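Written out below as structure tokens is the structure these notes cover.
Computation of the quantities below employed the complete heavy-atom set of this structure, encompassing side-chain atoms and omitting hydrogens, waters and symmetry-equivalent molecules. The structure presented is a predicted model; accordingly, all values stated were derived computationally and were not measured.
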Amino acid sequence: KKVEKKPKKKYGPIPKPIKWELLCSDIDGLKVLINDLSKLPKKRNEDIMFELKDTLQHMEDEAENIRREKEKEEKELKLALIPRKRSSRIRESKVQRIEREDRER
């Protein structure tokens, strides 16, 4: 049986490190970046555009979840601050229960 050898890799010069640069820091900046990149040739940017749009969708979903949670907390806080009305029936039953407990002692 003949065993095929893997072709030897030819290594060239060590590439210089890539310098990273922050292009946007929020959802609006990401939208502007996507808009700017969409003007470039499609074939070169297809993969990055897909990833950026996917990231934008996740960021928008997370922002919506945070907004809903904040509204829910504010609503609960407002409800907690409103004085509660008690039914006279409940008040009467509580008074009767206390009186019964006093009599049993």
Side-chain angles (χ1 to χ4, degrees):
K1 227 178 190 184
K2 231 180 191 184
V3 178
E4 292 184 32
K5 292 183 181 177
K6 291 183 182 177
K8 290 184 180 179
K9 293 182 181 178
K10 294 180 182 178
Y11 295 101
I14 299 172
K16 292 181 181 177
I18 297 173
K19 181 180 175 186
W20 290 94
E21 185 177 332
L22 180 65
L23 298 177
C24 59
S25 61
D26 59 359
I27 292 176
D28 295 328
L30 185 57
K31 287 178 183 177
V32 169
L33 177 64
I34 290 172
N35 186 36
D36 291 346
L37 289 176
S38 68
K39 295 173 185 173
L40 298 175
K42 300 283 182 204
K43 193 168 189 172
R44 285 182 51 195
N45 297 319
E46 209 170 279
D47 292 336
I48 190 74
M49 288 297 288
F50 175 78
E51 292 298 327
L52 289 175
K53 287 178 180 178
D54 189 47
T55 301
L56 177 63
Q57 184 63 44
H58 287 295
M59 289 174 73
E60 288 175 337
D61 291 345
E62 186 64 27
E64 180 66 21
N65 289 341
I66 290 170
R67 184 190 62 78
R68 284 185 191 150
E69 191 66 32
K70 196 175 198 178
E71 284 179 358
K72 183 179 176 183
E73 288 174 3
E74 289 173 358
K75 184 178 179 182
E76 288 174 356
L77 181 62
K78 286 179 184 177
L79 288 174
L81 294 175
I82 296 173
R84 299 176 195 246
K85 295 181 181 178
R86 293 204 168 211
S87 164
S88 59
R89 226 180 24 193
I90 294 172
R91 188 175 53 240
E92 284 298 316
S93 67
K94 188 174 183 179
V95 169
Q96 288 175 357
R97 187 171 19 118
I98 292 172
E99 288 175 353
R100 256 188 282 134
E101 287 173 0
D102 286 342
R103 280 184 276 158
E104 290 175 359
R105 289 183 190 174

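- With rounding to the nearest 0.5 Å, the separation of SG in Cys24 from CG in Leu52 is 7.5 Å.
- Counted within 6.0 Å of CD on Glu46, heavy atoms from surrounding residues, nucleotides or ligands total 12 or fewer; the atom is thus considered open.
- In the hydrophobic cluster analysis, where Ile, Leu, Val, Met, Phe, Trp and Tyr join through side-chain heavy atoms closer than 4.5 angstrom, Val32 is grouped apart from Leu23.
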Passes side chain to side chain contact (heavy atoms under 4.5 Å, CB included), His58 versus Asp54? Steps please. CA-CA 6 Å; His58 287 295; Asp54 189 47; 3.5 Å; yes
Working for salt bridge (Lys or Arg N to Asp or Glu O under 4.0 Å), residues Glu71 and Lys75: CA-CA 6 Å; Glu71 284 179 358; Lys75 184 178 179 182; over 6 Å; no
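- Rounding to the nearest 0.5 angstrom, the gap separating the NZ atom in Lys31 from the CG atom in Asp26 is 9.5 Å.
- Atoms CG and CG, on Leu56 and Asp28 in that order, are 9.5 Å from each other to the nearest 0.5 Å.
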List the steps, then state whether side chain to side chain contact (heavy atoms under 4.5 Å, CB included) holds for Met59 with Thr55. CA-CA 6 Å; Met59 289 174 73; Thr55 301; 4.0 Å; yes
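- The pair Arg68-Glu64 meets the salt-bridge criterion, with a side-chain N (NZ, NE, NH1 or NH2) lying under 4.0 Å from an Asp/Glu carboxylate O.
- Between the side chains of Asp61 and Gln57, at least one donor N or O lies within less than 3.5 Å of an accepting N or O.
- If you chain together ILVMFWY residues whose side-chain heavy atoms come under 4.5 Å of each other, Val95 ends up in a group of its own.
- Asp47 CG to Met49 CE: the interatomic distance, rounded to the nearest 0.5 Å, is 11.5 Å.
- The shortest side-chain heavy-atom distance between Glu73 and Leu77 does not fall under the 4.5 Å cut-off.
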